[in-house]
There are 2 protein chains.
Amino acid sequence: MGTSERKAKEKEEIKTLILNAAKKLFVKIGNEQVTIRKIAEEIEYSVGTVYVYFKDKNDILNELHRQGFGQLGSAIGILKSVSDPMERLKALGRVYFHFALDNPDMYDLMFNMKAPMEFLEAMQKEEWNEGKATFDVLRKNVEKCMESGHFKGHQLEPLSFVIWSTVHGMCSLHISQRVKGVIIENPESIIEKAYEEFVALIDKE
Amino acid sequence: MGTSERKAKEKEEIKTLILNAAKKLFVKIGNEQVTIRKIAEEIEYSVGTVYVYFKDKNDILNELHRQGFGQLGSAIGILKSVSDPMERLKALGRVYFHFALDNPDMYDLMFNMKAPMEFLEAMQKEEWNEGKATFDVLRKNVEKCMESGHFKGHQLEPLSFVIWSTVHGMCSLHISQRVKGVIIENPESIIEKAYEEFVALIDKE
DNA sequence: TGGATAAATGAACAATGTTCATTTATCTTT
DNA sequence: AAAGATAAATGAACATTGTTCATTTATCCA
């Protein structure tokens, strides 16, 4: 029936309306300042309406976190053009931490906040597909590197996790403001320099 | 005058009473569930009393975060007995991530939460002495390694930051529940295995 | 002992996420 | 087209949070 289709479409439209408002506020005033009331005000609906379309706040944050992985995925997708696996791996790290520094609140939501994981638990879904897919890109890349002779004597998955951890750690420490005040020399450019050091470490392998 | 001394002592006692209650709740029910009212209830004082001794909740969390660094510092202190700098560096990483895994909420407070940094800002203190001191231990250790011939061609501070980032990243991803669901093989022991990979990476330098 | 100083109190406020009975709009059927 | 049924939207109300501050209670000192 055509009518039910249209209605479903309309429902989707309002859902994305809410999500767009949430994202707009999210990047504008940052995560902690986003309230359901502000979202409702932004789209000129009542508070209750938001709860018609989303189970709770975690539901909204979970959707935003998914969108974030969409963004990150697009950025990573460009790297398919880099054929040499080792070069692609290095570029992957760069894309990753630039995404994090450009979208700190989104990155925090994707990799630090409890909201998305709590939502998945509440939904009985054990699978964190977004994270899985992204880590898979890294793991496959490292695998290619190993196939072409790099990382001899290393184990694929733990090594991939180490690489992820290193880049994530730099981003996380930066976003949580722990770098400033600890680093004496060039606290602004430390991540770039540190990444060079990291590349030097893995390049010899 | 003796009386004012005694009064100052009493004030300190109540402060520590509050802090101990806060810490007890902190490790028991975790960070997010700790409320001023629960702290007050725990020590059988009124809510207002807590605000007589602490400016706000961030003040309390800042003190707890300092205590955390005290704990971590003690754990690290034992490593003085390890004379070989490279061995000491590896052991340092182990102590660090074991502390993180054993005290996830405390670690989160120390290295992720905004509360301590916000408190320092509000107090006009730019200095994060706790973090500085801890990072200094790492940097000095790396320096010793370089003096004894390791890490040739690397820069002290960026390299130290990379090492910190790697271990912090593993801890952070574990605490934020991002490891489970992404790692296929042995999600429990991944950190141990990954740390071995990391050690292998830096050991060759 | 009484007046001053310090400490403790808890009611009250604003902001938050969330619920739900009620109202309003839309659709379906006769 | 009207009426009844279904769906969507509403916003007042609730519980919980951090925080404040006039008031009460305790302590000190002259």
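These numbers come from a predicted model, not from an experiment. So that the names make sense, note that chain A is the first sequence line, chain B the second, and so on, each numbered from 1.
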(request) Give the rounded distance in Å between these two atoms: CD1 of B:Ile36 and C1' of C:dT9. (result) 16 Å

(message) Any base atoms under 4.0 Å from B:Thr35, or only sugar-phosphate, or nothing? Heavy atoms, all strands.
(response) sugar-phosphate

(request) May I ask you to check whether B:Phe161 and A:Tyr195 place their ring centres under 6.0 Å from each other? (result) no

(request) Specify the separation, in whole Å, of atom CD of B:Glu32 and atom P of C:dT16. (result) 17 Å

(message) Would you say the rings of A:Tyr53 and A:Tyr45 are close, in the sense that their centroids are separated by under 6.0 Å?
(response) no

(request) Hey, which sits more toward the 5' end of DNA chain D by its nearest nucleotide, B:Glu10 or B:Asp56? (result) B:Asp56

(request) Could you state the atom-to-atom distance from CG of B:Asp59 to C1' of D:dT19 in whole Å? (result) 14 Å

(request) Round to the nearest Å and state the distance from B:Lys38 atom NZ to D:dA15 atom C1'. (result) 13 Å

(message) If you only use heavy atoms from C-beta on, which nucleotide in D:dT20, C:dT18, C:dG10 is closest to the side chain of B:Ser46?
(response) C:dG10

(message) Reading DNA chain C from 5' onward, which residue's closest nucleotide shows up sooner: B:Tyr45 or A:Arg37?
(response) B:Tyr45

(request) Report the nucleotide, chosen from D:dT19, C:dA8, D:dT10, that has the shortest atom-to-atom distance to any side-chain atom of B:Val47. (result) D:dT19

(message) Under 3.5 Å, is there a donor on one side chain and an acceptor on the other for B:His98 and B:Glu192?
(response) yes

(message) Please evaluate residues A:Tyr107 and A:Tyr96 with respect to the criterion ring-ring contact (aromatic ring centres under 6.0 Å, His included), reporting the C-alpha separation (whole Å), side-chain torsions for both, the decisive distance (0.1 Å), and the verdict.
(response) CA-CA 10 Å; A:Tyr107 186 85; A:Tyr96 186 95; 5.6 Å; yes

(message) Can you measure A:Glu12 atom CD to D:dA8 atom P for me and round it to whole angstrom units?
(response) 12 Å

(message) In whole Å, I'd like the distance from the OH atom of A:Tyr51 to the C1' atom of C:dT18.
(response) 5 Å

(message) Please classify the nucleic acid contact of B:Val50 as base, sugar-phosphate, or nothing, using heavy-atom distances under 4.0 Å.
(response) nothing

(request) On DNA chain D, check which nucleotide each of A:Ile14 and B:Lys57 is closest to and give me the residue with the more 5' one. (result) A:Ile14

(request) Select one nucleotide: of D:dA8, D:dA9, C:dA8, the one nearest the side-chain heavy atoms of A:Lys11. (result) D:dA8

(message) Expressed as a whole number of angstroms, how long is the span from A:Glu118:CD to C:dG17:C1'?
(response) 13 Å

(request) Figure out the CD1/P separation between A:Ile39 and C:dT16, and round it to whole Å. (result) 12 Å

(request) Using the side-chain hydrogen bond (donor to acceptor under 3.5 Å, both in side chains) rule, collect all pairs that involve residues 26-39 of chain B, keeping only residues at least two apart or in two chains. (result) none

(message) Over all strands shown, is A:Tyr53 touching base, sugar-phosphate only, or nothing at heavy-atom distances under 4.0 angstrom?
(response) sugar-phosphate

